[in-house]
Amino acid sequence: MSELYALYQRRASVRKFKPEPLREGDLEKILFAAQRAPTDATAQMYSLLRVSDPLLRRQISSHSGRNPHIETCAEFFLILADVHRLQRLLEHRGETLGRWPRTALHFAIVDAVLAGSALATMAEGLGYGIVWIGGVLNGIREISRLCGLPRGVVPVAGLCVGVPDEAPPPRPRLPRSMVVHENRYRTYEPEELEQAYAQMAPIAQGGDWHRLLSRYFAKGGAMEAREPAYRVFTAQQGFEPDLPAELLGQLQERGLEAGSLGELIEQAHAHGFRSLQFHSRGHVWVEKELAAHRGEGPPGEALSQALLQALGED
């Protein structure tokens with residue numbers, strides 16, 4: 001127990017690796033740890049994609065925003081939220097996967113992060129360095145295509161493991177009083193927020209943690225730029241409750257791309273459909289100039305059907 005505490009006292013992400021493989025038997029140990037992670041309802045809705053092909057690593061690095069450590073680490077994994085295998089298991093015994101797309105994505109991401117964290121902790125305990133790669137979301141569709149991910153599978157992060165060629169000091173963290181609440185969520189006082197900026201200042205170049213947060217999370221930042229592709233991709237993978245993934249793929253082939261029912265309506269107007277009529281009887285009419293087309297079913301499915309008919313005639 002004291003060794004684990006000491007590990008967390010000194011742990012830090014490593015981005016420089018020696019060109020050495022893992023010691024014999026250690027890959028088995030870190031994969032064993034990943035599979036012993038907790039999982040919801042025994043489903044294990046995650047997969048680990050071990051990327052050993054140097055060319056594929058370079059491509060993933062390129063699409064993730066140029067992370068050279070993806071190419072130099074001993075082992076690189078894509079940590080995947082995976083509902084596809086669960087669906088196949090149910091179908092194998094004659095069952096149909098239920099319709100719970102957002103809940104599925106939630107628990108699949110939780111399972112994936114738990115497994116990835118167990119893998120990372122075991123690797124660090126064995127003396128290796130690790131770094132998580134959130135940048136895989138920058139090219140989530142391209143990376144998924146390169147890796148042949150089926151519907152129901154979404155990249156959560158990348159994870160580099162290898163022999164460290166640097167020993168960076170631990171980075172600061174927020175005051176514990178700001179992250180540990182008791183019984184009720186506390187309201188943050190202005191002086192606490194300023195204390196947070198002061199404590200986190202060493203993590204940022206020039207000591208300006210606000211600038212770092214702004215670059216990623218404020219309006220116009222990196223996260224906002226990632227959102228459209230992530231929303232469309234996860235919808236096409238089957239995780240948008242209002243839209244059927246099959247029809248979204250067909251619409252994309254015809255130049256209309258959306259990740260939600262609201263976006264689909266916006267795209268319909270952008271493509272010149274002047275009127276969209278949703279009827280309580282379970283169908284939708286779309287009109288463009290003198291032509292009208294009808295789709296049936298829930299609103300998202302009905303609208304997709306009608307648009308496919310109309311686009312097919314253009």
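The structure presented is a predicted model; accordingly, all values stated were derived computationally and were not measured.
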* Considering only heavy atoms from C-beta outward, does the side chain of Arg254 approach that of Leu256 to under 4.5 Å? ->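 Result no, sub-4.5 Å side-chain heavy-atom pair not found.
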
* Before giving the answer on side-chain hydrogen bond (donor to acceptor under 3.5 Å, both in side chains), spell out for Gln35 and Gln44 the whole-Å C-alpha distance, their side-chain angles and the decisive distance to 0.1 Å. => CA-CA 9 Å; Gln35 287 201 266; Gln44 300 158 78; 4.8 Å; no

* Asked: Heavy-atom count around Arg211 CZ within 6.0 Å, excluding the residue itself: above 12?
  ->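 Open: at most 12 neighbouring heavy atoms sit under 6.0 Å from CZ of Arg211.
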
* Asked: With the 4.5 Å side-chain cut-off for hydrophobic clustering, are Val131 and Leu48 part of the same group?
  ->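 No: no chain of side-chain contacts under 4.5 Å links Val131 to Leu48.
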
* Taking atom OH of Tyr216 as the centre, does the number of heavy atoms from other residues, nucleotides or ligands within less than 6.0 Å exceed 12? ->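 Open: at most 12 neighbouring heavy atoms sit under 6.0 Å from OH of Tyr216.
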
* Using a cut-off of 6.0 Å, state whether more than 12 heavy atoms not belonging to Arg186 lie near its atom CZ. =>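 Check passes, neighbour count above 12.
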
* Other residues, nucleotides, ligands: >12 heavy atoms within 6.0 Å of Glu24 CD ->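 No - once you tally the heavy atoms of other residues, nucleotides and ligands closer than 6.0 Å, there are 12 at most.
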
* Does some side-chain heavy atom of Glu124 sit less than 4.5 Å from a side-chain heavy atom of Leu7? ->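 Yes, at least one pair of side-chain atoms sits under 4.5 Å.
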
* To do: May I ask you to decide whether Glu240 forms a salt bridge with Arg231, counting only side-chain N to carboxylate O separations under 4.0 Å?
  =>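 No, Glu240 and Arg231 are not salt-bridged.
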
* Asked: Can Arg226 and Glu224 be said to form a salt bridge (charged side-chain N to carboxylate O under 4.0 Å, His left out), step by step?
  -> CA-CA 5 Å; Arg226 290 170 173 172; Glu224 194 172 80; over 6 Å; no

* Enclosure of Glu20 CD (heavy-atom neighbours >12, cutoff 6.0 Å) ->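 Yes, because the 6.0 Å sphere around CD of Glu20 holds more than 12 heavy atoms from other groups.
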
* Asked: Has His181 got more than 12 heavy atoms of other residues, nucleotides or ligands less than 6.0 Å from its NE2?
  ->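 Counting neighbours around NE2 of His181, more than 12 heavy atoms of other residues, nucleotides or ligands fall under 6.0 Å, so yes.
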
* For residues Met178 and Gln195, determine if any side-chain heavy atom of one lies less than 4.5 Å from a side-chain heavy atom of the other. =>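 Met178 does not reach Gln195 side chain to side chain.
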
* Answer yes when Arg66 and Glu71 have at least one side-chain N-carboxylate O distance shorter than 4.0 Å, and no when they do not. =>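 Result for this pair is yes, salt bridge flagged.
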
